There are 2 protein chains.
Amino acid sequence: MTSTKKTFENLPDEKRERVLAEATQEFAEHGYHQASINRIVDRLGIAKGSLFKYFGNKQGLFEYLFGHAVAQFKKPLKVIRDANSDTDFFERMEMSLLAGVDFITAHPLVYRIYLKMLFQENFPLRDKFLSEIRQASAKYLRQLVNEAMKSGQIRADIDLEMAIFHLNSVMDHFLQACAVPSLDGGTGLFDADRKTIENKAHALTDFLRHGLGTIS
Amino acid sequence: MTSTKKTFENLPDEKRERVLAEATQEFAEHGYHQASINRIVDRLGIAKGSLFKYFGNKQGLFEYLFGHAVAQFKKPLKVIRDANSDTDFFERMEMSLLAGVDFITAHPLVYRIYLKMLFQENFPLRDKFLSEIRQASAKYLRQLVNEAMKSGQIRADIDLEMAIFHLNSVMDHFLQACAVPSLDGGTGLFDADRKTIENKAHALTDFLRHGLGTIS
DNA sequence: TACAAAAGTGACCACCTGGTCATCACTACT
DNA sequence: AGTAGTGATGACCAGGTGGTCACTTTTGTA
């Protein structure tokens with residue numbers, strides 16, 4: 001048998017989780033190419049051959065690992081979108097922002113990998129994963145903005161795509177500032193407690209509201 | 001002599017430029033660690049030893065190369081800031097945005113290196129260069145915002161740091177969308193002609209104005 | 001032309017990488 | 001006890017890396 005994932009699936013839960021955790025750590029620290037299979041197996045205390053039997057090759061390991069994480073990311077989006085469909089648009093934006101913060105707080109390593117992937121064109125599977133992620137979040141935002149325009153909570157004269165882009169920019173940077181110290185730019189967002197983050201998120205959506213809101 | 005930059009400085013202009021151009025290309029394509037000295041010298045048609053005599057080591061080459069680029073980036077900021085100090089704040093923001101677009105159009109490879117550096121913590125000299133860049137742009141934005149608050153073009157009740165952060169977010173993402181296809185998100189900014197970009201930039205500052213402007 | 005200084009060279013080095021595979025250890029079921 | 005199947009192992013491989021240095025070639029000058 002050359003390289004089925006069957007073997008890995010049969011492993012005891014505890015070991016499976018340890019393998020994934022250690023590999024995630026390595027990719028988060030070093031990105032894809034600089035990540036070292038040797039270091040991973042050394043830290044795990046298993047033989048190199050085992051890892052290759054589990055996943056076939058380095059890319060297989062990464063695909064398995066990050067694919068699971070993306071699936072986990074997509075779940076909470078739907079929940080927020082489907083629930084609270086009657087609440088204020090800008091409040092929903094604020095909720096989405098905080099949901100994002102919750103995700104990167106729960107999965108900081110996965111988020112670090114995602115950030116590294118953003119601008120590294122030769123990151124394997126980059127196009128597949130990035131388009132999957134951005135398609136999900138764009139679809140999510142588009143529906144919210146559409147509803148808000150129909151219900152008159154947002155100016156009707158604006159360019160829809162630019163509005164989505166604008167919202168995306170602000171949300172992305174907010175999350176990045178929470179996770180990367182050098183990008184927090186004096187806002188005190190990095191590693192802040194929940195209360196502080198909630199305040200800043202509110203300030204930000206206030207900027208958004210009076211820029212996009214009907215009553216201006 | 002082990003490793004003075006003297007040798008490189010003495011080279012004829014044409015050769016010096018070719019070396020820097022080829023090295024910039026390599027770093028832009030592959031990032032720092034994946035960039036290969038062997039490929040650079042192969043493309044240049046010179047011996048590996050020469051490059052090490054010029055710059056000492058890989059890091060020396062990168063430092064020389066990117067340091068020059070950063071210096072070039074900082075110049076136009078001052079010009080815009082000092083001139084037009086009487087024109088409307090949001091128009092100046094629009095001008096700054098377009099100046100950014102001009103820079104990444106003139107130096108697309110340098111911008112690609114910068115983007116790769118953003119989230120790659122183990123990029124050599126990352127902290128030095130990033131803090132230098134962000135300090136310059138924050139100082140620039142802070143002065144503009146300060147003046148605009150004093151002259152009453154911006155609401156006085158807003159959090160200064162969050163406002164700067166907000167402006168930074170929007171401008172950063174705008175530039176990224178111009179340069180990276182996967183980040184343009186349906187706006188059609190990537191590789192667009194000047195006219196299109198000017199229109200989108202205007203739409204964006206319009207969002208900013210009615211969010212931050214006095215007359216809201 | 002002679003000679004010294006500067007610039008250019010590329011074989012060579014130690015090191016690390018992803019990946020392979022023959023072999024071993026353990027279990028389960030006849 | 002015999003045997004088939006599963007998982008674990010780590011020495012080994014080819015290839016690429018940044019970096020070195022003894023050597024040759026070119027250049028400027030007296």
Side-chain angles (χ1 to χ4, degrees), chain A residues 1-20 22-27 29-66 116 120 122-125, chain B residues 1-20 22-27 29-66 116 120 122-125:
Chain A
M1 200 168 297
T2 45
S3 70
T4 5
K5 270 173 295 191
K6 190 74 183 318
T7 305
F8 183 66
E9 308 275 7
N10 286 344
L11 256 44
D13 289 9
E14 191 231 7
K15 179 167 186 177
R16 246 178 28 225
E17 282 162 22
R18 265 194 65 221
V19 170
L20 289 180
E22 213 72 56
T24 306
Q25 172 77 39
E26 177 72 13
F27 282 118
E29 253 180 52
H30 300 95
Y32 182 84
H33 294 288
Q34 283 287 111
S36 161
I37 300 283
N38 290 330
R39 275 197 298 260
I40 295 177
V41 296
D42 278 0
R43 276 202 299 255
L44 283 170
I46 67 173
K48 204 200 294 212
S50 298
L51 214 59
F52 281 93
K53 189 160 273 174
Y54 300 160
F55 302 104
N57 54 27
K58 191 181 184 179
Q59 185 168 320
L61 166 60
F62 180 75
E63 185 167 12
Y64 187 93
L65 181 155
F66 201 73
K116 284 190 203 306
Q120 207 155 4
N122 43 5
F123 211 116
L125 306 162
Chain B
M1 202 166 298
T2 45
S3 69
T4 5
K5 271 172 297 195
K6 189 75 183 317
T7 304
F8 183 67
E9 308 275 7
N10 287 343
L11 256 43
D13 288 8
E14 192 231 5
K15 178 165 186 178
R16 246 178 30 225
E17 281 162 22
R18 265 194 65 222
V19 169
L20 290 181
E22 213 71 57
T24 306
Q25 172 78 39
E26 177 72 13
F27 283 118
E29 252 180 52
H30 300 95
Y32 182 85
H33 295 287
Q34 283 286 112
S36 160
I37 300 283
N38 290 330
R39 275 196 298 260
I40 295 176
V41 297
D42 279 358
R43 275 201 301 256
L44 283 170
I46 67 173
K48 204 198 299 211
S50 298
L51 213 58
F52 282 91
K53 190 161 274 177
Y54 299 160
F55 302 106
N57 53 27
K58 192 181 184 178
Q59 184 168 322
L61 166 60
F62 180 76
E63 183 168 13
Y64 186 91
L65 180 155
F66 200 74
K116 283 190 202 307
Q120 207 155 3
N122 44 4
F123 212 116
L125 305 163

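Quick caveat: nothing in here was measured; it's all calculated off a predicted structure. Just so it is clear: chains get the letters A, B, ... in the order the sequence lines come, proteins before strands, and each one is counted from 1.
For A:Asn10, the side-chain contact (heavy atoms from CB on, under 4.5 Å) partners at least two apart in sequence or on another chain are A:Lys6. For A:Gln34, the side-chain contact (heavy atoms from CB on, under 4.5 Å) partners two or more places apart in sequence, or in a different chain, are A:His30, B:His33. Listed by chain and number, the residues in a side chain to side chain donor-acceptor pair (under 3.5 Å) with B:Lys48 are B:Asn38 (sequence neighbours excluded). Among residues two or more places apart in sequence or in another chain, the side chain to side chain donor-acceptor pair (under 3.5 Å) test is passed with A:Gln59 by none. Residues meeting the side chain to side chain donor-acceptor pair (under 3.5 Å) test with A:Glu17, sequence neighbours left out: none. For A:Arg43, the side chain to side chain donor-acceptor pair (under 3.5 Å) partners at least two apart in sequence or on another chain are A:Glu22, A:Glu26.
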Contacts under 3.5 Å, N or O only, protein and nucleotides 18-21 of chain D:
from: D:dG18; atom 1: OP1; to: B:Ala35; atom 2: O; distance (Å): 2.8
from: D:dG18; atom 1: OP1; to: B:Lys58; atom 2: NZ; distance (Å): 2.8
from: D:dG18; atom 1: OP2; to: B:Ile37; atom 2: N; distance (Å): 3.0
from: D:dG18; atom 1: N7; to: B:Lys48; atom 2: NZ; distance (Å): 3.4
from: D:dG19; atom 1: OP2; to: B:Lys58; atom 2: N; distance (Å): 2.7
from: D:dG19; atom 1: N7; to: B:Lys48; atom 2: NZ; distance (Å): 3.4
from: D:dG19; atom 1: O6; to: B:Lys48; atom 2: NZ; distance (Å): 2.9

Pairs: protein N or O with nucleotides 25-30 of chain D N or O, under 3.5 Å:
none

Identify all pairs in which a protein N or O lies below 3.5 Å from an N or O of nucleotides 3-5 of chain C, and state each distance.
none

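The CZ-P distance, from B:Arg39 to D:dG16, rounds to 10 Å in whole Å. Counting to the nearest Å, the P atom of C:dG8 and the CZ atom of B:Arg18 are 12 Å from each other. Atom P of nucleotide C:dT9 and atom CG of B:Leu44 are separated by 11 Å, given to the nearest angstrom. In this structure, B:Phe55 places its CZ atom 14 Å from C1' of C:dA7, rounding to the nearest Å. When rounded to the nearest whole Å, the span between NZ of A:Lys6 and P of D:dG5 equals 13 Å. With rounding to whole Å, B:Asp42 atom CG is found 14 Å from C:dT9 atom C1'. For the pair A:Lys53 NZ and D:dG10 C1', the computed distance is 13 Å after rounding to whole Å. Look at CG on A:Leu51: it is 15 Å from P on D:dG7, rounded to the nearest Å.
Closest non-hydrogen pair, B:Glu63 versus B:Leu125, comes out as CB-CD1, 3.5 Å.
Side-chain nitrogen and oxygen atoms of B:Asn10 include at least one within less than 4.0 Å of the OP1 or OP2 phosphate oxygen of C:dA7. Under 4.0 angstrom from either OP1 or OP2 of C:dG8 there lies at least one side-chain N or O belonging to B:Tyr54.
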Salt bridge (Lys or Arg N to Asp or Glu O under 4.0 Å) for B:Asp13 and B:Arg16? Distances and angles first, verdict last. CA-CA 5 Å; B:Asp13 288 8; B:Arg16 246 178 30 225; 3.5 Å; yes
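Using bins of under 30°, 30° to 60° and over 60° for the plane-to-plane angle, the ring pair B:Tyr64/B:Phe8 lands in the perpendicular bin. Ring pair A:Phe27/A:Tyr32 is parallel by interplanar angle, where below 30° counts as parallel and above 60° as perpendicular.
Put simply, OG1 on B:Thr24 and CG on B:Leu65 are 3.5 Å apart, with the number rounded to the nearest 0.5 Å.
Within the 3.5 Å criterion, the main-chain N or O of A:Phe123 finds no donor-acceptor partner in the side chain of A:Lys116. With B:Ser50 contributing its side chain and B:Ile46 its backbone, the two residues share no donor-acceptor pair below 3.5 Å.
When the shell of 6.0 Å around CD of B:Glu14 is examined, it contains 12 or fewer heavy atoms from other residues, nucleotides or ligands.
Bending across the helix from C:dT1-D:dA30 to C:dT30-D:dA1, expressed as the angle between its end axes from five pairs apiece, amounts to 10° (10° rounding).
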